[in-house]
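This report refers to the structure that appears directly beneath it.
Keep in mind the model is a prediction, meaning the values are calculated, not measured. In the text below, chain A, chain B and the rest are named by the order of the sequence lines, each starting its count at 1.
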Amino acid sequence: MEVLIELLDGPLNVQTCTQWVTSPDAGGINVFIGTVRNVTKGKPVIKLEFEAYKQMAINEMHKIIKQAFERWPLKKALLHHRTGTLEIGEIPVIIAVSAAHRDAAFEACRFIIDTLKQTVPIWKKEFFEDGEVWVAAHP
Amino acid sequence: MEVLIELLDGPLNVQTCTQWVTSPDAGGINVFIGTVRNVTKGKPVIKLEFEAYKQMAINEMHKIIKQAFERWPLKKALLHHRTGTLEIGEIPVIIAVSAAHRDAAFEACRFIIDTLKQTVPIWKKEFFEDGEVWVAAHP
Amino acid sequence: MEVNVLAFGIAKDIFGGSSVSVSLPDDANTVQLKQALEEHFPRLKLIASYLVAVNNEYADEDLLLSTRDEIAIIPPVSGG
Amino acid sequence: MEVNVLAFGIAKDIFGGSSVSVSLPDDANTVQLKQALEEHFPRLKLIASYLVAVNNEYADEDLLLSTRDEIAIIPPVSGG
């Protein structure tokens, strides 16, 4: 189980991530890249801030990747997540998964991002012209 | 409909592709990267060769991307395919799709690679220690 | 006993800092912790939901707390 | 009429070149083209399947051919 999980304070690099999961015995790589969108529910967004409960976030990310390896025949999996301030178009998250065949890579990558958004203790604050809000905090 | 489709004779670049589909109004990018595997049905592979019926391949790739835009709310889509000789670990194909939300990006990317493998006139020859074979040519 | 509780996201705003100290009966569980926190910080009841993590793991309601535990309030997560 | 037929992949190996010229009745369709090719190149019948493309589009069986068409044999594709 070859896994690389990192919480990083500086810009994420797609090339670095896809190169890391490349493997001579893999035929397909699926990558999910989150990018900061300029609008949320119709309202212009200026920037985002990500805060993490670091050790627990790393632990939860490892659990997710471990589950993915249990469910699909994967070769390598990488998960990079940002903390700090991100401008529009910047990358909060990169997930890259390699497998012998593409089905496993697609399904595992989808599972990892979906589960990450449910369980990993990282919080996003959206900054608008007229204020700021912790996403999902209120009903 | 922002689309970039290319058949290329030299190495494909992941960073170039993901940067091209990045958009301030997109929140998610899904990328599929095919890589040359060192084995097929248990037999060691030395290299691959891709041949394309160029104009028709480009036409068919455009049709697939057009269908993807009709089915999902996409921002941008890119499809780069190699021709010529590829060594183990090299990249025959990169598909990158951006959308406001990740569901569309994942589903469209999957649709594009699945359909490409069925309809686009490109042929792969596998080279083994003891010979070579056009993939899928014989029952 | 006195336990120290870490706060993140909206919980940090509600507590007015990245941790608070809370007085609890010995061997209190996470439900009692939540009750004590909500008494001191009524705005906690207004958030969509929140969980308690103990030693970097999501904690069940009946988990007993000790002063040596690393305890944290986990408001709805929104990473990715 | 004489039509020129492009070949790719295994079809190129079978034809021994990247195109062949085939004599057909005027207004022959793609089925007649396939029959003529299979007569000259029996190994074509051994491949898993193949389609005919006319002017860069997959052609139906009843499409009538003309000498001005760009005609190609499309063996099973294997890109990606």
Side-chain angles (χ1 to χ4, degrees), chain A residues 5-8 12 32-37 40 45 48-64 79-84 86 90-95 109-126 131-139, chain C residues 3-22 29-31 33-35 37-80:
Chain A
I5 291 172
E6 295 195 83
L7 262 181
L8 297 158
L12 304 190
F32 176 75
I33 303 164
T35 51
V36 178
R37 204 152 71 97
T40 191
V45 172
L48 296 184
E49 237 175 70
F50 283 89
E51 182 184 346
Y53 182 12
K54 287 186 185 160
Q55 188 52 52
M56 185 175 170
I58 298 274
N59 287 359
E60 290 294 323
M61 293 194 280
H62 272 287
K63 282 184 197 168
I64 296 169
L79 172 40
H80 278 186
H81 202 297
R82 269 297 297 277
T83 54
L86 281 85
E90 278 200 275
I91 300 175
V93 64
I94 299 177
I95 295 165
C109 188
R110 183 68 195 264
F111 165 80
I112 293 166
I113 182 62
D114 287 353
T115 313
L116 179 149
K117 283 175 175 273
Q118 289 163 11
T119 65
V120 176
I122 296 177
W123 296 270
K124 173 163 62 184
K125 193 188 239 182
E126 289 174 332
E132 53 198 66
V133 65
W134 287 106
V135 174
H138 290 104
Chain C
V3 295
N4 190 53
V5 179
L6 303 175
F8 298 93
I10 185 102
K12 206 163 65 177
D13 297 350
I14 292 171
F15 294 171
S18 60
S19 74
V20 288
S21 184
V22 186
N29 62 21
T30 64
V31 175
L33 169 66
K34 283 180 158 192
Q35 285 163 349
L37 286 169
E38 288 174 14
E39 203 171 298
H40 288 293
F41 306 102
R43 283 173 59 210
L44 253 191
K45 287 183 275 189
L46 302 178
I47 72 176
S49 66
Y50 67 97
L51 296 168
V52 176
V54 177
N55 301 326
N56 292 305
E57 300 279 351
Y58 288 107
D60 290 333
E61 296 213 325
D62 55 0
L63 186 77
L64 301 184
L65 302 173
S66 98
T67 53
R68 292 179 313 278
D69 290 329
E70 180 174 310
I71 300 169
I73 292 304
I74 312 287
V77 302
S78 52

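Interface residue A/His138: backbone and side-chain heavy atoms are both found under 4.5 Å from chain C. Looking at A/Glu49, there are no atoms closer than 4.5 Å to chain C (heavy atoms on both sides), in backbone or side chain. Both the backbone and the side chain of A/Val135 come within contact range of chain C, each with at least one heavy atom under 4.5 Å from a heavy atom of that chain. Interface remark: A/Ala57 contributes no atoms to any contact with chain C (heavy atom separation under 4.5 Å). Contact annotation for A/Pro121: both backbone and side-chain heavy atoms come within less than 4.5 Å of a heavy atom of chain C. With a threshold of 4.5 angstrom between heavy atoms, C/Leu51 does not approach chain A through any atom at all. For C/Tyr58, the parts lying near chain A are the backbone and the side chain together; criterion is any non-hydrogen pair under 4.5 Å. For chain C, the nearby part of A/Phe50 is the side chain; its heavy atoms alone come within less than 4.5 Å.
Ranked by non-hydrogen atom pairs under 4.5 Å with chain C, the options A/Gln55, A/Lys125, A/Glu51, A/Arg82 are led by A/Glu51. Of the listed residues (C/Pro76, C/Pro75, C/Ser78), the one with the most heavy-atom contacts under 4.5 Å to chain A is C/Ser78. Contact count against chain A (heavy-atom pairs under 4.5 Å) is highest for C/Ile10 among C/Ile10, C/Asn55, C/Ile47, C/Leu46.
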Candidate pair C/Asp13 and A/Trp134, rule side chain to side chain contact (heavy atoms under 4.5 Å, CB included), full reasoning:
CA-CA 10 Å; C/Asp13 297 350; A/Trp134 287 106; 2.8 Å; yes
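Residue A/Glu6 places its CD atom among more than 12 non-hydrogen atoms of other residues, nucleotides or ligands, all under 6.0 Å distant. Under a cut-off of 6.0 angstrom, the local environment of NZ in A/Lys54 is sparse, with at most 12 non-hydrogen atoms contributed by other residues, nucleotides or ligands.
For the pair A/Met56/C/Glu70, no side-chain contact is recorded, criterion being any heavy-atom separation below 4.5 Å from C-beta on. Between A/Trp123 and C/Ile74, the closest side-chain pair of non-hydrogen atoms falls below 4.5 Å.
The two residues C/Gly80 and A/Lys117 make their nearest non-hydrogen contact at C-NZ, 3.8 Å. The two residues C/Asn56 and A/Asn59 come nearest to each other via the heavy atoms CB-ND2, 3.4 Å. Annotation for C/Ala48 and A/Ala136: closest pair CB-O, 3.8 Å, computed over non-hydrogen atoms.
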